[in-house]
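Being a predicted model, the structure only gives us computed values, none of them experimental. Only this structure's heavy atoms are used, side chains among them; waters, hydrogens and symmetry mates stay out.
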Amino acid sequence: MNIYHAFLSLKPEVADMAFVAALDDDLGHLKTRGNIAGWRLMRRKLGLGPRELRDFHLMIELEELAQLDSAFLHVATRTGDVEATHHCVNHMVADVTFALYRDFPDPVREQGGELF
């Protein structure tokens with residue numbers, strides 16, 4: 001499994017639950033189409049955590065990187081509901097940092113080749 005991470009903060013005027021609803025519309029659409037395997041949103045608790053990781057942590061699950069490419073290509077069409085839902089989410093976010101991680105070891109990792 002590959003996980004596309006987004007660490008983000010909301011604009012001051014954005015209600016947190018409105019953001020969740022918009023995100024559910026946007027990513028729910030991608031999940032229904034099979035462009036992503038799933039997603040979850042987490043929020044920092046008690047202000048604990050490095051400032052640069054922001055208040056929210058979004059994790060988008062992908063079975064393979066081709067799925068991420070498919071999601072990007074679909075959103076890039078900017079047609080119909082795709083543009084409306086994605087634009088809505090983007091305009092709620094003040095700043096964001098992205099990362100891409102994978103399960104380790106994953107099924108393609110060869111065993112026994114480690115140096116240490």
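For the atom pair His86 NE2 and Leu23 CG, the distance stands at 10.5 Å (nearest 0.5 Å). In this structure, Trp39 CH2 and Glu61 CD are separated by 11.0 Å, a value rounded to the nearest 0.5 Å. The CG atom of Asp26 lies 10.5 Å from the CE atom of Met92; values are rounded to the nearest 0.5 Å. In this structure, CE on Met42 lies 12.0 Å from CZ on Phe56, to the nearest 0.5 angstrom.
Arg78 is linked by a side-chain hydrogen bond (donor to acceptor under 3.5 Å, both in side chains) to Glu83, counting only residues two or more places apart in sequence or in another chain. Taking Asp55 as the reference, Arg43 meet the side-chain hydrogen bond (donor to acceptor under 3.5 Å, both in side chains) condition, with sequence neighbours excluded. Every residue two or more places apart in sequence or in another chain was checked for a side-chain hydrogen bond (donor to acceptor under 3.5 Å, both in side chains) with Thr32, and none qualifies.
At a threshold of 4.5 Å between non-hydrogen side-chain atoms, the residues Ile36 and Leu62 count as touching. In this structure, the side chains of Leu58 and His5 stay at 4.5 Å or more apart for every pair of heavy atoms. When side chains are defined from C-beta on, Ile60 does not count as touching Ile3, because their heavy atoms never get closer than 4.5 Å.
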CA sep, side-chain torsions, deciding dist, call: His57, Leu41, side-chain contact (heavy atoms from CB on, under 4.5 Å) = CA-CA 6 Å; His57 180 194; Leu41 181 67; over 6 Å; no
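Applying the under-4.5 Å side-chain rule to Ile, Leu, Val, Met, Phe, Trp and Tyr, the cluster around Phe7 extends to Leu53.
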Contacts under 3.5 angstrom, residues 66-73 side chains, donor-acceptor by atom type, not counting sequence neighbours:
unit_1: Gln67; atom_1: OE1; unit_2: Glu63; atom_2: N; d: 2.6
unit_1: Gln67; atom_1: NE2; unit_2: Gly34; atom_2: O; d: 3.0
unit_1: Ser70; atom_1: OG; unit_2: Asn35; atom_2: ND2; d: 2.7

Review item, side-chain donor-acceptor pairs of residues 94-104, under 3.5 Å, at least two apart:
unit_1: Asp95; atom_1: OD1; unit_2: Ser9; atom_2: OG; d: 3.4
unit_1: Asp95; atom_1: OD1; unit_2: Arg54; atom_2: NE; d: 3.3
unit_1: Asp95; atom_1: OD2; unit_2: Arg54; atom_2: NE; d: 2.9
unit_1: Thr97; atom_1: OG1; unit_2: Arg54; atom_2: NH1; d: 2.8
unit_1: Thr97; atom_1: OG1; unit_2: Arg54; atom_2: NH2; d: 3.3
unit_1: Arg102; atom_1: NH1; unit_2: Asp106; atom_2: OD1; d: 3.2
unit_1: Arg102; atom_1: NH1; unit_2: Asp106; atom_2: OD2; d: 2.7
unit_1: Asp103; atom_1: OD2; unit_2: Met1; atom_2: N; d: 3.2

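In the hydrophobic clustering of ILVMFWY residues, with side-chain heavy atoms under 4.5 Å counting as a link, Met59 and Val75 come out apart.
Without hydrogens or angle criteria, His29 side chain to Asp25 main chain gives no donor-acceptor distance under 3.5 Å.
Residues Lys11 and Val93 share a closest heavy-atom pair of CE-O, 3.5 Å.
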